[in-house]
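Okay, so here's the structure we're looking at.
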Amino acid sequence: MNKTKIIIVIVAVLLAVWGISSYSKSNSTSQTASTGQVIKIGISGPLSGSLAFAGEGIRNGAELAIHEFEKANPTSKNSYKVVMEDDGFDPKRTASALNKLISVDKVSALMTFASAAGNIANPIAEKNQIVHMGIASDPNIAKGDYNFIHWTPPFEEVRLFIEELQKRHIKKVAVFGANIQGITAVIDELEKQVQGTDIQIVSKDVFNFGTTDFRTIVAKAKATNPDIYVPIAFSPELETLSKQLKDANIGKPLTSLEGFELTDRPDLFEGYWYVNAADSSDEFRTAYKNMYGKEQVIATANAYDITKMIIDSAERASKANPGKEVSSSNIKDALYNVDIQGALGHLKIDKDGFVLTKAVTKIIQNGKPVRIED
Amino acid sequence: MDSIIPQLIANSLIAGAIYALVALGFNLIYGTTKFFNLTHGVVAAIGGYTVYFLTKKLPGLGASIQPLGDFFNSGTLGIIVTTIIGVVVAASVGWLLNRFLFKKLRERKASQMVFLVASLGAFTCLQAFLAILFTSQFQTLSSGAGDIVTFNVFGGIITQVQLAIIISVFVIMIALGVYLKRSLFGKSVEAISDNEQVAKIVGINTEKTIAIVCVIGSAIAGLAGVFVGYDTGLEPTMGMALLLKGVIASIIGGIGNVYGGVLGAFLLGFVENFGIWKISGEWKDAIAFTLLIVFLLVRPQGILKR
């Protein structure tokens, strides 16, 4: 191919790219003008890697909320759309995923999963004045005007956990935690709340992502002769740690704060009780199963609730400002007045930006998480 | 608190044995070809995933294959047969990589950097291939908690698989050492390692020797992958972590030296595990890399010279 031909091909490709982008821009503008505003909700979460199951559940939960809204409001002026970017549960990819959602997809609200991603999203949301709701434990994520958290806070989970330990006459616990903000917040809260009780943390060890050899931290914990072992980690570290605990013949039970649902192999923890964030309603579970043919997983109901709150806020903001486009700032203002029923209970945002929900005690039965009724 | 020491020793031996298996193959290939073969890690993962496919996936592919699947899951014989197949598949992948990638690069007299980048590309490609085929989810080769057989050695708990890993390392190291020392093939490897051009001039079929080295090295990596699959579990990205520790062990022990790699691996295992005895486990990798830096500064040739 000679030089002239190469130049012609490059020019043709550039023209084609320009033409396609111009067409898509004009197309989206006309659609907005004729059919009302399309309000996009951007999610940065894992669709690949060992937590892909959670990301899929989050996307499905958000889409279910939109589906239900559209079904109940067929003549609504506004329409809603979920745009999800895969961050592979890698914080390094979260920032670029969020920036793409904001600058390219022009989303009106953001949703993230876990504290590492939430902490990255916080300043980005403030700077761009876009509502961000984190499904995470770290309270720092809710700092600022545009940031909110919809997850049972550590103090509530730990409160119930200690109550459960006391009920079962467990005095000595050995804690293993992954070195990430959300889990650190939970462990810090546990250390705070055990003070003044007869429960003692006899061993506490922290490990990094990617750790596969837990044998020595298990041996250290075993030497302190705890009554129960508390692994708090994500997949795949959680599965590896639990296997090495069993390999070490610990002869004591395991429990966790959230941990047993942070894997798609809950069967590895058969028969063990644990404390988890708020449990979803039967109505939501049935609706989810009917739509997707499978059970909801961790954070699915939170994503559903967050989407419901954003839709509710946007609709109220739209009614309050007829004829005007709903901005993220309008959604933020309206969010503080949310008062609706969600999958995880009554949804209201407090002055600190938290949607408060109650923790629950669960057990893994036949490979599935089951709530232990009071 | 002192009762923890036997367990720490056992843990150090287990970790060291896994690193040693990776280092053995890596050192053999590096000593002959003189490039950092990053595909070594993913070849280990392929070995593990082959056994996973045979024992967990194959039985579900159809009624006609069911008896074969049942055989692969039939206790010790099934484990041995599937492990051999895993090792053979890993060795084959090693041979294919050499034949269709590294040999071509050698023919073009590519620089070390090109080899490194090419092996990184192949590593990433094969890792993605594993994730597509088997998903990124964590998988285990063992069938459940009930099948764990443990031994109490002087107060340290050690599982059957871990014992097999430790024994295998010493058997392979001795066998490989003796074979390289006494056979004509060993002399060829040494000659290529010293100077490939001169080896060619004196009539050694260098390409054939390098191919065999790649097959042996990859077979050992495949065995490491199978063992890790039984001991810890499998995930497509496991190769890089395994490779990193194997490379550190090789550099500490003496790069290109079979015995040195094993020595370095056990030293690394002991330093890592005793290092986090009194401090948090999150320091483990920092300890490993500090040891590497110390060796690079103080004794760059490693414990044993090549």
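Every chain is numbered from 1 and lettered A, B, ... according to where its sequence line falls, protein lines coming before strand lines.
Atom NZ of A:Lys368 has 12 or fewer neighbouring heavy atoms from other residues, nucleotides or ligands inside a 6.0 Å radius. Annotation: A:Lys204, atom NZ; neighbour count of heavy atoms from other residues, nucleotides and ligands within 6.0 Å does not exceed 12. Atom CZ of B:Phe151 sits in a crowded spot, with more than 12 heavy atoms from other residues, nucleotides or ligands closer than 6.0 Å.
Contact of the B:Met238 side chain with the A:Thr212 side chain is not registered, since no non-hydrogen atoms from C-beta on lie closer than 4.5 Å. A:Thr211 is not listed as a side-chain neighbour of B:Lys284, based on a closest heavy-atom distance of 4.5 Å or more. Side-chain atoms of B:Gln162 and A:Asp247, non-hydrogen and from C-beta on, do get closer than 4.5 Å to each other. Under the 4.5 Å side-chain criterion, counting only non-hydrogen atoms from C-beta, B:Thr232 is in contact with A:Gln244. Residues B:Thr140 and A:Arg265 have side chains in contact (heavy-atom distance under 4.5 Å, counting atoms from C-beta outward).
Residue with the most contacts toward chain B among A:Asn249, A:Thr263, A:Val218: A:Asn249 (heavy-atom pairs, distance under 4.5 Å).
Contacts between B:Ile276 and chain A at a heavy-atom distance below 4.5 Å involve backbone atoms as well as side-chain atoms. In this structure, the portions of A:Glu239 lying under 4.5 Å from any heavy atom of chain B include both its backbone and its side chain. Looking at B:Ile158, there are no atoms closer than 4.5 Å to chain A (heavy atoms on both sides), in backbone or side chain. For A:Asp264, the part sitting under 4.5 Å from any heavy atom of chain B is the side chain, from C-beta outward, and nothing else. Both the backbone and the side chain of B:Asp231 come within contact range of chain A, each with at least one heavy atom under 4.5 Å from a heavy atom of that chain. With a 4.5 Å cut-off on non-hydrogen atoms, B:Thr150 touches chain A through its side chain but not through its backbone. For a residue to count as touching a neighbouring chain, one of its non-hydrogen atoms must lie under 4.5 Å from one of that chain's; by this rule A:Ala219 touches chain B with backbone and side chain alike. Neither the backbone nor the side chain of B:Glu272 comes within less than 4.5 Å of any heavy atom in chain A.
If you take CG on A:Leu51 and OG on B:Ser136, they are separated by 10.5 Å, rounding to the nearest 0.5 Å. Of the inter-residue distances, the one linking A:Asp213 atom CG with B:Tyr19 atom OH reads 5.5 Å to the nearest 0.5 angstrom. We find the CD1-CD distance between A:Ile217 and B:Glu282 to be 10.0 Å, quoted to the nearest 0.5 Å. A distance of 13.5 Å separates CD in B:Gln7 from NZ in A:Lys220, rounded to the nearest 0.5 Å. Summarising the geometry, atom OG belonging to A:Ser235 is positioned 7.5 Å from atom CZ belonging to B:Phe138; distances are rounded to the nearest 0.5 Å.
Here the shortest heavy-atom pairing between A:Gly49 and B:Gln137 reads O-NE2, 3.9 Å.
No donor-acceptor pair closer than 3.5 Å links the side chain of A:Asp205 to the backbone N or O of B:Ser280.
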message: Checking B:Ile4 against A:Thr216 for the side-chain contact (heavy atoms from CB on, under 4.5 Å) test, could you report, in this order, the C-alpha distance in whole Å, the side-chain angles of both residues, the deciding distance, and whether it holds?
response: CA-CA 9 Å; B:Ile4 194 179; A:Thr216 295; 5.9 Å; no
